[in-house]
Amino acid sequence: MSNSADDDAGPSGMRKGLTSYGDAGFSLFLRKAFIKGAGYTDAALARPVIAIADTGSDYNPCHGNAPQLIEAVKRGVMLAGGLPMAFPTISVHESFAAPTSMFLRNLMAMDTEEMIRAQPMDAVVLIGGCDKTVPAQLMGAASANIPAIQLITGSMLTGSHRGERVGACTDCRRYWGQFRAGEIDADEVADVNHQLVASVGTCSVMGTASTMACIAEALGMTVPGGASPPAVTADRIRIAELTGAQAVQMARDRLTIDKILTPAAFENAMRVLLAIGGSTNGIVHLAAIAGRMGLAIDLSALDRMGRETPVLLDLKPSGAHYMEDFHAAGGMATLLRELKPLLRLEAMTVTGRTLGEEIDRAGPGFPQTVVRPITDPIYPQGGIAVLSGNLAPGGAIIKQSAADPALMEHEGRAVVFQNLEDLAHRIDRDDLDVGADDVLVLKNIGPKGAPGMPEAGYIPIPRKLARAGVKDIMRISDGRMSGTAFGTIVLHVTPESAIGGPLAWVQDGDRIRLSVKNREITLRVSDEVLAQRAIDHPVVEPTAERGYRKLYLQSVLQADQGVDFDFLQAPHPLGKVPRC
Ligand code: FES
């Protein structure tokens with residue numbers, strides 16, 4: 001088999017990564033024999049090989065358009081002179097992953113990395129969309145360090161319920177909250193269940209999937225405009241074809257991922273995360289991706305960036321619109337144009353051009369109401385504030401743009417739930433001693449605690465308060481929450497309670513104070529009392545006897561390090577980002 005693409009950088013195409021038989025000639029001979037069993041010619045096999053990570057799965061309706069996307073990617077690859085080769089990896093959907101999708105994200109990242117390493121390819125197209133899939137793919141590709149390009153599956157369409165526009169998942173939570181409060185009946189909640197997810201594709205608001213789509217484009221990892229087209233549109237299919245063609249060019253140019261995932265790219269991603277009112281999960285995933293490049297996210301610097309980065313995107317849950325409206329408003333080009341003075345324009349992208357060049361190529365904007373001008377934001381600061389204090393020595397976060405302004409400076413009495421089972425057992429009991437000014441505390445939902453750091457930080461408002469008309473209450477946990485959720489909710493308390501973080505020692509009746517203005521979360525209990533509680537009730541860290549759960553519990557890092565496994569991070573730290 002000839003392969004003119006081989007050069008000083010080593011073998012390419014089908015010659016890459018030969019299986020070890022101790023005879024390279026035989027390895028290639030055998031590989032050719034097998035692949036020819038599928039009907040390929042020598043001419044086809046001499047082309048640059050562009051692999052396509054197929055995450056289609058009957059268990060993942062957010063990736064329900066994967067077959068159409070693969071067809072379009074293959075067309076783009078063929079038009080540009082490459083040979084497309086699709087291969088399956090794990091696919092993870094939020095509602096079909098127990099105990100939680102986050103538990104499996106690192107497994108998907110390992111699968112992606114190792115299959116990229118194992119199989120011959122000159123570039124890889126990563127098809128992801130649902131919350132954990134894009135970060136998993138970027139983590140794996142970052143470690144494998146070949147030319148890689150992200151293709152987003154795209155958002156679902158919105159539905160209509162009794163004249164009201166609805167979409168997952170902010171409206172799922174809103175209607176369920178109304179049902180719990182007795183405001184709508186079982187028939188209506190069953191009716192709206194048909195309408196909340198109107199097509200295949202990812203959640204239609206600025207949840208984690210949309211956040212990671214925007215972050216992927218801000219990182220320079222998608223073709224321009226790759227974040228916003230809905231899943232079932234012609235625009236999405238065209239993006240897929242363009243992605244396939246671009247992957248061939250990246251293979252020819254050897255535009256490896258380390259040239260794109262630079263400190264400047266992460267700074268741009270953090271800026272965009274703040275400006276879109278993005279999911280708090282975005283921080284965890286960015287920390288994990290950065291960790292694969294040897295970089296650590298500086299949470300203090302992120303908070304400083306937040307004070308000078310307003311929320312511009314008017315999407316639920318912080319605002320009013322849906323992803324398809326963002327696309328109609330010009331998508332990321334409109335946002336990036338507005339943010340341009342705050343961006344690192346020299347950052348490289350998958351096109352081989354810089355982010356600044358791509359913003360200029362996108363041309364002028366047009367009148368629209370979804371992306372606000374920087375002079376008239378929907379929220380004056382970034383959506384996420386970073387907190388610290390004796391309750392969270394390693395930091396905690398709050399999505400201030402989706403919180404009740406009346407609770408941003410608040411002190412209340414702790415009402416403590418020891419774990420998810422305790423919460424489920426007591427939250428709706430009429431004899432629960434709780435009032436609207438109290439602080440709900442949920443322990444043991446951190447990276448090791450649940451395990452998997454589930455999105456259970458959105459603690460439901462106790463039924464008796466919901467029925468009394470309470471719409472928000474201050475909540476604290478070491479878990480995460482869905483990007484589609486809203487409320488005055490402190491998350492990612494680090495270190496987590498399951499390994500003996502201060503959250504473990506909070507008791508019913510303790511006073512807890514939140515000051516978003518001062519970026520403080522304080523447990524008003526003395527160090528001496530906390531030390532005595534630690535002696536009286538020592539923490540036993542969770543363990544497992546075998547399997548992936550054992551590996552997970554032995555290796556998982558805390559939220560500030562992205563909940564990645566310690567052995568998957570880059571071996572040589574290269575410092576913090578942003579470097580501003
Ligand atoms: Fe897949 Fe929301 S469940 S993106």
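Hydrogens, waters and symmetry mates play no part in the numbers below; they use all other heavy atoms, side chains included. We count ligands from 1, going down the list as the structure has it; atoms in each ligand are counted the same way.
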Quiz item: Should the proximity of C130 to ligand 1, defined as any heavy atom under 4.0 Å, be assigned to the side chain, the backbone, both, or neither?
Solution: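 The answer is both.
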Exercise. Anything under 30° is parallel, anything over 60° is perpendicular, the rest tilted; go ahead and classify F486 against Y458.
Key: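 The arrangement is perpendicular - the two ring planes meet at more than 60°.
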Quiz prompt | Basic-acidic side-chain contact under 4.0 Å: R165, D325 | solution =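 Yes, this pair counts.
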Quiz item: Is any side-chain N of the basic residue among R180 and D428 closer than 4.0 Å to the acidic one's carboxylate O?
Solution: yes
Quiz item: For atom CZ of F87, is the number of surrounding heavy atoms from other residues, nucleotides or ligands below 6.0 Å larger than 12?
Solution: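 Correct, the count exceeds 12.
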Quiz item: Take atom CD in Q68; do more than 12 heavy atoms of anything else shown fall under 6.0 Å from it?
Solution: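 Atom CD in Q68 is packed in, count exceeds 12.
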Quiz item: Any N/O/S atom, backbone or side chain, of C203 lying under 2.8 Å from atom 1 (Fe) of ligand 1?
Solution: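 No.
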Self-check item: N/O/S from C62 sitting under 2.8 Å away from atom 1 (Fe) of ligand 1
Solution: yes
Output the list of atoms in ligand 1 that are nearer than 4.0 Å to some heavy atom of [X], sorted by atom number.
| X | result |
| --- | --- |
| A209 | 4 (S) |
| D131 | 2 (Fe), 4 (S) |
| E94 | 3 (S) |

Quiz item: Got a donor-acceptor contact below 3.5 angstrom from the Q119 side chain to the M115 backbone?
Solution: yes
Exercise. Out of M156, M212, H93, indicate the one that has the non-hydrogen atom closest to atom 3 (S) of ligand 1.
Key: H93
